[in-house]
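Accompanying notes for the structure given below.
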Amino acid sequence: MNFFKTLSSAVMAATVSLVAMSASAQTYPDRGITMVVPFAAGGPTDTVARLVAESMSKDLGQQIVVENVGGAGGTLGAGRVAAADPDGYTILLHHIGMATSATLYRKLAYDTLNAFEYVGLVTDVPMTILSRKDLEPTDLKGLIEYAKANKDTVTVANAGIGAASHLCGMLFMSAIETPLVTVPYKGTGPAMTDLLGGQVDIMCDQTTNTTKQIQGKTVKAFAVTSPNRLDVLPDVPTAVEAGLPGFEVGIWHGVYAPKGTPQEAVDRLSKSLQVALKDPNIAARFAELGTIPSPEADGTPAALKAKLESEIARWKPVIESAGQYAD
Ligand code: ASP
């Protein structure tokens with residue numbers, strides 16, 4: 001009898017804790033979530049984040065509000081999330097800069113590989129090499145000659161050290177063996193405004209910020225950094241075709257949460273990201289901007305963790321041999 005009593009109270013206790021667990025899993029999220037974008041509003045990371053946030057909000061039944069925390073190539077926004085309460089209500093959408101800044105900044109306020117929980121990958125966006133529309137050259141070879149001849153005055157916009165535009169600009173300058181004057185912004189949203197206004201000459205930026213401008217001919221496009229031309233920009237050659245051998249850059253994006261965020265919340269966010277990656281509206285909007293959502297299987301913590309680890313290892317020697325640091 002005692003045995004049955006003990007057994008039945010153990011079963012009851014287990015049932016109660018299972019019910020509690022599933023209740024907490026079901027109640028998350030019970031309020032709005034802040035998604036930090038570590039670059040200024042109106043830029044490419046912001047555009048991707050707002051589309052994904054809209055779709056995830058529908059799935060989660062709670063609003064994801066995007067907050068732009070730009071500066072220092074994305075490290076300020078990432079630092080904000082690393083230090084946030086790990087309660088599932090503050091998350092981060094960042095790009096390749098999460099990996100490159102781990103080497104570029106020798107004194108980061110957070111430990112890149114240990115400060116976050118991984119939610120999943122979002123998309124891999126090609127870059128475009130652009131100039132203000134009235135810059136003389138008409139093709140990439142002409143742009144390279146022009147940059148070499150005017151290296152002290154040609155300005156290249158970027159979103160700070162560690163940003164994708166910084167990385168692409170750095171690769172461009174090293175490919176043409178000519179250092180140019182760089183102008184940092186808090187994101188390439190505001191940098192684009194200055195490119196349109198003619199205050200800066202050149203920029204390398206994601207297609208999610210540049211496709212509409214290139215199609216509208218408000219900027220001049222010299223190359224895309226993808227292995228193949230893009231359907232939305234059929235007249236823009238690849239950098240390799242246009243004369244820069246091996247010049248290929250893809251800007252992958254991922255969603256993170258602060259370290260210690262409850263597993264149920266991470267799993268729920270990840271599931272919701274996977275729903276977003278299959279959302280036909282996202283696929284259509286991304287296609288207009290020259291990119292595609294990551295496959296559903298990559299919208300997982302394991303895929304993002306593996307990507308971040310491999311990208312830190314990939315860029316470390318490149319950055320170290322360039323010897324350019326942010327401090
Ligand atoms: N495209 C930017 C970069 O260079 C970031 C942004 O503004 O979204 O990293």
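Starting from 1, each residue takes its place in the sequence as its number. Counting convention: from 1, in listed order, for ligands and their atoms alike. Being a predicted model, the structure only gives us computed values, none of them experimental.
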Judged by non-hydrogen atoms, does [X] sit under 4.0 Å from ligand 1?
X	answer
D205	yes
H95	yes
G97	no

Counting only heavy atoms, tell me which of T188, D46, N209 gets closest to atom 2 (C) of ligand 1.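 The nearest heavy atom belongs to T188.
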For atom 3 (C) of ligand 1, the option (of G189, P184, A164) bearing the nearest heavy atom: A164
Geometric cation-pi criterion R268 and Y28, 6.0 Å radius, 45° cone: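 Verdict for Y28: no cation-pi partner in R268.
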Under 3.5 Å side-chain donor-acceptor pair for S131 and D201: no
Do T210 and T128 meet the criterion of a side-chain donor-acceptor pair at a distance under 3.5 Å? yes
Out of all atoms in ligand 1, which are within 4.0 Å of some heavy atom of S165? Include the element for each.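 Selected atoms, number and element: 3 (C), 4 (O), 9 (O).
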Check ligand 1 against G187 and write out every atom of the ligand that is under 4.0 Å from a heavy-atom position of the residue.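 It comes down to these atoms of ligand 1: 7 (O).
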Atom 8 (O) of ligand 1: closest protein heavy atom, distance to 0.1 Å, is T45 OG1, 2.6 Å
Any donor-acceptor pair under 3.5 Å from T27 side chain to D30 backbone: no
Counting N and O atoms only, with roles assigned by atom type, does the side chain of T225 sit under 3.5 Å from a partner on the main chain of G250, one being a donor and the other an acceptor? no
Between E309 and K305, is there a salt bridge with N-O shorter than 4.0 Å? yes
For the pair D279 and R285, find out whether any cationic side-chain nitrogen is under 4.0 Å from an anionic carboxylate oxygen.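 Not counted as a salt bridge, because no side-chain N and carboxylate O are separated by less than 4.0 Å.
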Please state which part of Q206 comes within less than 4.0 Å of ligand 1, counting heavy atoms only: side chain, backbone, both or neither.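 Side chain only.
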